[in-house]
Amino acid sequence: MSYAIIKSGGKQHRVAIGDLIDVELIPVELGEAVEFNEVLFIQNETNSLIGSPFVNGYVVKGELVDFVAGPKIHSVKYKVRKRSYKKWGHRQHYSRVKITAIAPVA
């Protein structure tokens, strides 16, 4: 089983072929191909490739499947002596990508 560790949006993801991952929003239309050039590590059946900082000559390819929203996060600011509070929430949006290939650059 081969896998790779890629960097996208300031975060690192461990991916294999066929995986679905949620990454920060990518300005691409649904169904279009996505390439991740920042590959940090590759594990094949025979050997491992460690980048410094990136592995040269490899790319991870995927397909944009959907746009999704993460869980809602609530937060409250409370002022004790004023007896007032402010409540707000945030919901982060992500792009869902299906990994199709881990291959050397052609």
Answer yes if [X] and [Y] sit in the same cluster of Ile, Leu, Val, Met, Phe, Trp and Tyr residues linked by side chain heavy atoms under 4.5 Å apart, and no otherwise.
| X | Y | answer |
| --- | --- | --- |
| Val15 | Ile17 | yes |
| Ile99 | Leu25 | yes |
| Val60 | Val28 | yes |

May I ask you to test the [X]-[Y] pair for a side-chain heavy-atom distance under 4.5 Å?
| X | Y | result |
| --- | --- | --- |
| Val97 | Phe36 | yes |
| Leu30 | Val65 | no |
| Lys77 | Trp88 | yes |

For atom [atom1] of [X], is the number of surrounding heavy atoms from other residues, nucleotides or ligands below 6.0 Å larger than 12?
| X | atom1 | result |
| --- | --- | --- |
| Asn56 | CG | no |
| Glu32 | CD | yes |
| Tyr78 | OH | yes |

So how far is it from [X] [atom1] to [Y] [atom2], rounded to the nearest 0.5 Å?
| X | Y | atom1 | atom2 | value |
| --- | --- | --- | --- | --- |
| Ser84 | Lys79 | OG | NZ | 5.5 Å |
| Leu64 | Lys98 | CG | NZ | 13.0 Å |
| Asp22 | Gln92 | CG | CD | 11.0 Å |

Apply side-chain contact (heavy atoms from CB on, under 4.5 Å) to the pair Glu63 and Val34, showing each step before the final yes or no. CA-CA 6 Å; Glu63 176 185 350; Val34 178; over 6 Å; no

Stepwise side-chain contact (heavy atoms from CB on, under 4.5 Å) check, Arg96 with Tyr94: CA-CA 6 Å; Arg96 184 161 286 165; Tyr94 297 103; over 6 Å; no

Only one of Leu49, Ile50, Ile6 passes side-chain contact (heavy atoms from CB on, under 4.5 Å) with Phe41; say which it is. Ile50

Under 3.5 Å, is there a donor on one side chain and an acceptor on the other for Gln43 and Ser2? no

Give the intermediate values and the outcome of side-chain contact (heavy atoms from CB on, under 4.5 Å) for residues Leu40 and Val55. CA-CA 6 Å; Leu40 302 171; Val55 177; over 6 Å; no

What closest approach, in Å, do [X] and [Y] show between heavy atoms, and which atom pair accounts for it?
| X | Y | answer |
| --- | --- | --- |
| Phe67 | Ser95 | CE2-OG, 3.5 Å |
| Ser8 | His13 | O-NE2, 4.0 Å |
| Phe54 | Glu38 | CE2-CB, 3.5 Å |
| Arg91 | Gly70 | NE-O, 2.7 Å |
| Asp19 | Ala16 | OD2-N, 2.8 Å |
| Val59 | Val39 | CA-CG2, 4.2 Å |

Set out, in order, the CA-CA distance, both residues' side-chain angles and the distance that settles side-chain contact (heavy atoms from CB on, under 4.5 Å) for Lys72 and His90, then state yes or no. CA-CA 6 Å; Lys72 184 132 187 187; His90 174 72; over 6 Å; no

